[in-house]
There are 2 protein chains.
Amino acid sequence: MKLEKITQTENPSRRSYDDACGTAHALDLVGERWALLVMRELMLGPRRFGDLRAELPGISANVLTQRLEGLEAMGIVKRRKLPPPSGVQVYELTPWGLESEPIFQVLGRWAARSPHHDPTLAFSAASMCLSFRTMFDASRAKGLALDAGFHVRGEDYHVSIREGVLTAVRDPAEPADFVLAGEARAIAAAVYGGVPLAALEANGALALKGDRTMAERFVTLFPLPPQVGA
Amino acid sequence: MKLEKITQTENPSRRSYDDACGTAHALDLVGERWALLVMRELMLGPRRFGDLRAELPGISANVLTQRLEGLEAMGIVKRRKLPPPSGVQVYELTPWGLESEPIFQVLGRWAARSPHHDPTLAFSAASMCLSFRTMFDASRAKGLALDAGFHVRGEDYHVSIREGVLTAVRDPAEPADFVLAGEARAIAAAVYGGVPLAALEANGALALKGDRTMAERFVTLFPLPPQVGA
DNA sequence: CGGCATCCGGGAAGATACTG
DNA sequence: CAGTATCTTCCCGGATGCCG
């Protein structure tokens, strides 16, 4: 029973750029701190509040609440209650919210050339899958059919390559040619950092099961653009 | 005399997401308020401090100073002093900064479908030109060769269409088939709002010189995507 | 424990006045 | 014209606590 609820949703004082430009309006929608990263974590499917908190290092609970409320008010995110008995509440992107994926692609591609990029920082599994979608070079996968499994922090991800098309999804522990288990940043070290899989296995960062040849082929499919001034 | 100057520029405490994800790093680079809009105004070429201030309704001088400093530190913007006698200082994008154009394209395209978009707000001439680049539908311009001039707030813009390719630049008052003079939002009303040119001329919002048939063809070349829920 | 409200400190943004 | 100085306001981040 909310009395005196300050409905900030209907309060027009939200800082707006008041600009008809599409970019400006996009920033009104998703320009607040953390907003795009929350959406990133939802790109692979519904997530719970606690999942989001765990995957977004540094966000505080109240800010996450505010972002989810704001994104829901904008029609980008929808909250849904799973049917009993689980009954848990999850947040998911609306169809229009899902259409934001190109934003992540171009931001990622552009920022990858930054001279200030530090690839050794934390890396969520969703980021990893989206980066695969972004950086995949179909010309390197001619005639390749491959199913990769990743086990990161208790969850399974599946990446499949068929006829030059890559798809990445969460959860369905489908059969895979190989499975890599470990932190996303270790997988990234192999794919983007050129660190040999054997080295990452040797120091315990990764565990590989299955077809090693396929795994070593996989990590060559995602070339990074050259950094500026390099 | 400033004693105790807090040199925030060399202070690494700048809020960062500390995330290896490309999107997160992009937000570290250009996620601060106004940053992308400053870049937008620079996409068509160098601008002076005062130009930027005038074209960004609502930005305050100190924030603009901070953004320009930050973008320069990141290698996105460069300040340059024009040779005497003008000797004025201008800001321009670096080559890498120019490569950010796809960001504006996808943000604009995605936000154009927003149910909250209000196209009657202010609209800078740079936004207009970028929106032409973004929304241009080459399939509607088959076999069309066209040169359009726009006169907005004392400056000239030139849009040319050749063999399905649109280019938009500032300043070079090149020969054009027609010239539209008025506020950018009035031009947008014709191109995106479907308002007849004659109506905008009648109420004084626009003045048309030159080939009217070409102008009326031009405004049909930029279809908007359907809004969500419509 | 998940979701959310509240309080507080620090810092970024907004507005205005001021200077070379 | 091109910023700087200063003050206020608001947002963000962290901690705590309530409630189902």
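Both backbone and side-chain heavy atoms feed into the values below; hydrogens, waters and symmetry mates do not. Chain identifiers are assigned alphabetically (A, B, ...) following the order of the sequence lines, protein sequences preceding nucleic acid strands; residue numbering begins at 1 within each chain.
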Let's see if you can work this out: which of [options] has an atom nearest to the side-chain heavy atoms of [X]?
X     : options               : value
B/R15 : D/dT4, D/dC12, D/dC1  : D/dC12
A/Q89 : D/dC12, C/dG3, C/dA13 : C/dG3
A/A61 : D/dA2, C/dC4, D/dC12  : C/dC4
B/E69 : D/dC12, D/dT4, C/dG2  : D/dT4

Atom [atom1] of [X] and atom [atom2] of [N]: how far apart are they, to the nearest Å?
X     : N      : atom1 : atom2 : value
A/L37 : D/dG13 : CG    : P     : 11 Å
A/L56 : D/dC12 : CG    : P     : 14 Å
A/D18 : C/dG14 : CG    : P     : 12 Å
B/R33 : C/dA15 : CZ    : C1'   : 14 Å
B/I59 : D/dA2  : CD1   : P     : 14 Å
B/E32 : C/dG11 : CD    : P     : 14 Å
A/L64 : D/dC12 : CG    : C1'   : 13 Å
B/D28 : C/dA12 : CG    : P     : 13 Å

What contact category does A/R53 fall into here, base, sugar-phosphate, or nothing, at under 4.0 angstrom with non-hydrogen atoms? nothing

Assess the pair A/Y157 and A/F132: is the distance between their ring centroids shorter than 6.0 Å? no

Within this structure, what is the CG-CZ distance for the pair B/L71 and B/R67, rounded to the nearest 0.5 Å? 8.0 Å

Describe, in one word, how the ring planes of [X] and [Y] are oriented to each other, choosing from parallel (under 30°), tilted (30 to 60°) and perpendicular (over 60°).
X      : Y      : result
B/F222 : B/F136 : tilted
A/F218 : A/F178 : perpendicular
B/W34  : A/Y17  : perpendicular

Nearest heavy atom decides the nucleotide; on that basis, is A/G50 or A/Y17 closer to the 5' end of DNA chain C? A/G50

Closest to the 5' end of DNA chain C, once A/L68 and B/V63 are matched to their nearest nucleotides, is A/L68

Less than 4.0 angstrom between a side-chain N/O of [X] and OP1 or OP2 of [N], yes or no?
X     : N      : answer
A/R79 : C/dG3  : no
B/W34 : C/dA12 : no
B/Y91 : D/dG3  : yes
B/Q66 : C/dA13 : yes

Any N or O donor-acceptor pair under 3.5 Å from the base of D/dG3 to the side chain of B/N62? no

